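Model, not experiment: these values are computed from the prediction. For reference, positions follow the sequence shown, starting with 1.
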Amino acid sequence: MAALSSVRWLTRALVAAPNPGVWRGLCTSAASRAAARNQAEDVRVEGAFPVTMLPGDGVGPELMHAVKEVFKAAAVPVEFQEHHLSEVQNIASEEKLDQVLSSMKENKVAIIGKIHTPMEYKGELASYDMRLRRKLDLFANVVHVKSLPGYKTRHNNLDLVIIREQTEGEYSSLEHESAKGVIECLKIVTRTKSQRIAKFAFDYATKKGRAKVTAVHKANIMKLGDGLFLQCCREVSELYPKIKFETMIIDNCCMQLVQNPYQFDVLVMPNLYGNIIDNLAAGLVGGAGVVPGESYSAEYAVFETGARHPFAQAVGRNIANPTAMLLSASNMLKHLNLEYHSTIIADAVKKVIKVGKVRTSDMGGYATCHDFTEAVIAALPCS
């Protein structure tokens, strides 16, 4: 057993090695390529990282299939534990939610598709997606909006980060009819959670070498609720004198993002504003199909697309763009310290887009989801 443990430790160390040169050296001959694949296969069996997979609705299952195919081709040492939770497909229940939560809590890492929320009220205000995020306390949603080399949009060379508090605010699911025809919808803002998301944003900026944090708000109208959020951001900013701090009203922020997005670096905001800005910013660099996202709690990390759309009209048509999900999967591998695999997958995706011969319809091309996935696999080293 001691010898087996030593082999597992050595294999993990090799897989997580941050130096791509080590791996490139293994690919100099057919024999060495086969050995590398066999070694990675052994890792999957004996020392693979368990990850919860939740395909979700719409094109989610197709995107997850693309992820699994690319991971298989790249010999990524990850074992997916797949679960299904859907309100629109009638496969959502307390039992299934508990199963998903149990898997996520055990594995600490998950990759998920969009769990679509029906608009009809059926006696429960909080959707399964919202309940999942609350039970895991996934308070910070991070969307890195970055232009893809070789794909021209109205604004090129963009690089900004949107950080959204996603456990309170307008999405608190506290609504009631106080009088006939009068609905009250409560927006909850707390000092504790406002301070927490502000600190997360400044810590993120510090860790990533970012220069500025902009707090987005509507404190001129919601003087107490957004006023508290803004006050907490100001207080936290004083602890980070090397990071420039600015504030901006949400409506002005939307206009500024369209006119001059280059002025932004890291933006932090409450729940609803973040949802809107995520989608607006994704549109600046190509749309919902190209921007990855992730959500964090103190214990868990969940990787997903940056703009959450089920794209239901594309189901079964093989036209969905897997770029965002593949880049999100790459970020997940980086989180797991699988730097080599993270890099080769991200590089392969970006190479396919830069060459421009294989692009899905949302990027102006004619390729199918399958075509794009196969092109990414072909762009992997040693494939």
Side chain to side chain donor-acceptor pair (under 3.5 Å) for S295 and E304? Distances and angles first, verdict last. CA-CA 8 Å; S295 295; E304 57 197 331; 2.7 Å; yes
Atom [atom1] of [X] and atom [atom2] of [Y]: how far apart are they, to the nearest 0.5 Å?
X    : Y    : atom1 : atom2 : value
L54  : I112 : CG    : CD1   : 6.0 Å
Q256 : I249 : CD    : CD1   : 11.5 Å
S361 : I319 : OG    : CD1   : 5.0 Å

I'd like to know whether NZ of K108 has more than 12 heavy-atom contacts from other residues, nucleotides or ligands below 6.0 angstrom. yes
State whether the number of non-hydrogen atoms from other residues, nucleotides or ligands found under 6.0 Å of K187 atom NZ is greater than 12. yes
Taking only residues two or more places apart in sequence or in another chain, which ones pass ring pair (Phe, Tyr, Trp, His ring centres under 6.0 Å) with [X]?
X    : value
Y300 : none
F139 : F200
Y204 : none
F303 : H335

Hey, are the side chains of [X] and [Y] touching, using non-hydrogen atoms and a 4.5 Å cut-off?
X    : Y    : answer
E168 : S194 : yes
L327 : V349 : yes
V78  : L333 : yes
V352 : R359 : no
M130 : S173 : yes
V51  : L336 : yes
E294 : V302 : no
L138 : Y296 : no

Would you sort out whether T52 and N107 count as a side chain to side chain donor-acceptor pair (under 3.5 Å), showing the intermediate values? CA-CA 7 Å; T52 302; N107 297 333; 2.9 Å; yes
Going by the rule side chain to side chain contact (heavy atoms under 4.5 Å, CB included), which residues pair with [X] if we only count those two or more places apart in sequence or in a different chain?
X    : value
I183 : E175, E177
K223 : none
N260 : Y262, Q263
K152 : N156

With no hydrogens and no angle check, do the side chains of D129 and S127 hold a donor and an acceptor under 3.5 Å apart? no
Please determine, by modelled atom types, if D159 and H144 share a side-chain donor-acceptor pair under 3.5 angstrom. yes
State whether the side chain of [X] and the backbone N or O of [Y] hold a donor-acceptor pair below 3.5 Å, judged by distance alone.
X    : Y    : answer
S102 : D98  : no
S103 : V100 : no
N275 : L272 : no

Side-chain heavy atoms under 4.5 angstrom apart, residues restricted to Ile, Leu, Val, Met, Phe, Trp, Tyr: same cluster for [X] and [Y]?
X    : Y    : answer
M363 : Y366 : no
I243 : L239 : yes
I344 : V355 : no
M248 : L230 : no
I276 : I221 : no

Is it the case that the ring center of F80 lies less than 6.0 angstrom away from the ring center of F71? yes
With N271, the side-chain hydrogen bond (donor to acceptor under 3.5 Å, both in side chains) member among E165, R164, Q166: R164
Do T323 and N321 pass the side chain to side chain donor-acceptor pair (under 3.5 Å) test, and can you show the C-alpha distance, the side-chain angles, and the key distance before you say yes or no? CA-CA 6 Å; T323 298; N321 187 347; 2.7 Å; yes
Write down the atom of [X], the atom of [Y], and the distance for their closest heavy-atom approach.
X    : Y    : value
V216 : P270 : O-CD, 3.3 Å
I115 : G56  : CG1-CA, 4.5 Å
G293 : S328 : O-OG, 3.3 Å
M64  : G113 : CE-N, 3.4 Å
H341 : P77  : CE1-CD, 3.7 Å
A281 : I162 : CB-CD1, 3.5 Å

Tell me, please, which residues at least two apart from H65 pass side-chain hydrogen bond (donor to acceptor under 3.5 Å, both in side chains). none
Run C253 and F264 through side-chain contact (heavy atoms from CB on, under 4.5 Å) and show every step you take. CA-CA 10 Å; C253 180; F264 297 107; 4.3 Å; yes
Residue among V285, T153, L148, L257 satisfying side chain to side chain contact (heavy atoms under 4.5 Å, CB included) with L158: V285
Going by the side chain to side chain contact (heavy atoms under 4.5 Å, CB included) test, name the single residue among V145, V161, L160, V143 that passes it with L267. L160
Using a strict threshold of under 4.0 Å (side-chain N to carboxylate O), is an ion pair present between K212 and E246? yes
Got a salt bridge between K218 and D226, using NZ or NE/NH1/NH2 to carboxylate O under 4.0 Å? no
For side-chain contact (heavy atoms from CB on, under 4.5 Å), just list the numbers for L97 and L132, CA-CA rounded to whole Å, side-chain angles, deciding distance to a tenth of an Å, and then say yes or no. CA-CA 7 Å; L97 179 61; L132 187 69; 3.8 Å; yes
Apart from L174 itself, members of its ILVMFWY cluster (side-chain separation under 4.5 Å) are L186, I188
Sorted by first residue and then second, give each ring pair (Phe, Tyr, Trp, His ring centres under 6.0 Å) pair with at least one member in residues 173-194; sequence neighbours left out. none
Please say which of E82, E62, E79 ends up in a salt bridge (Lys or Arg N to Asp or Glu O under 4.0 Å) with K68. E82
Got a sec, which pairs hit salt bridge (Lys or Arg N to Asp or Glu O under 4.0 Å) with one end in residues 191-201, sequence neighbours left out? D137-R196, R191-E235, K199-D203
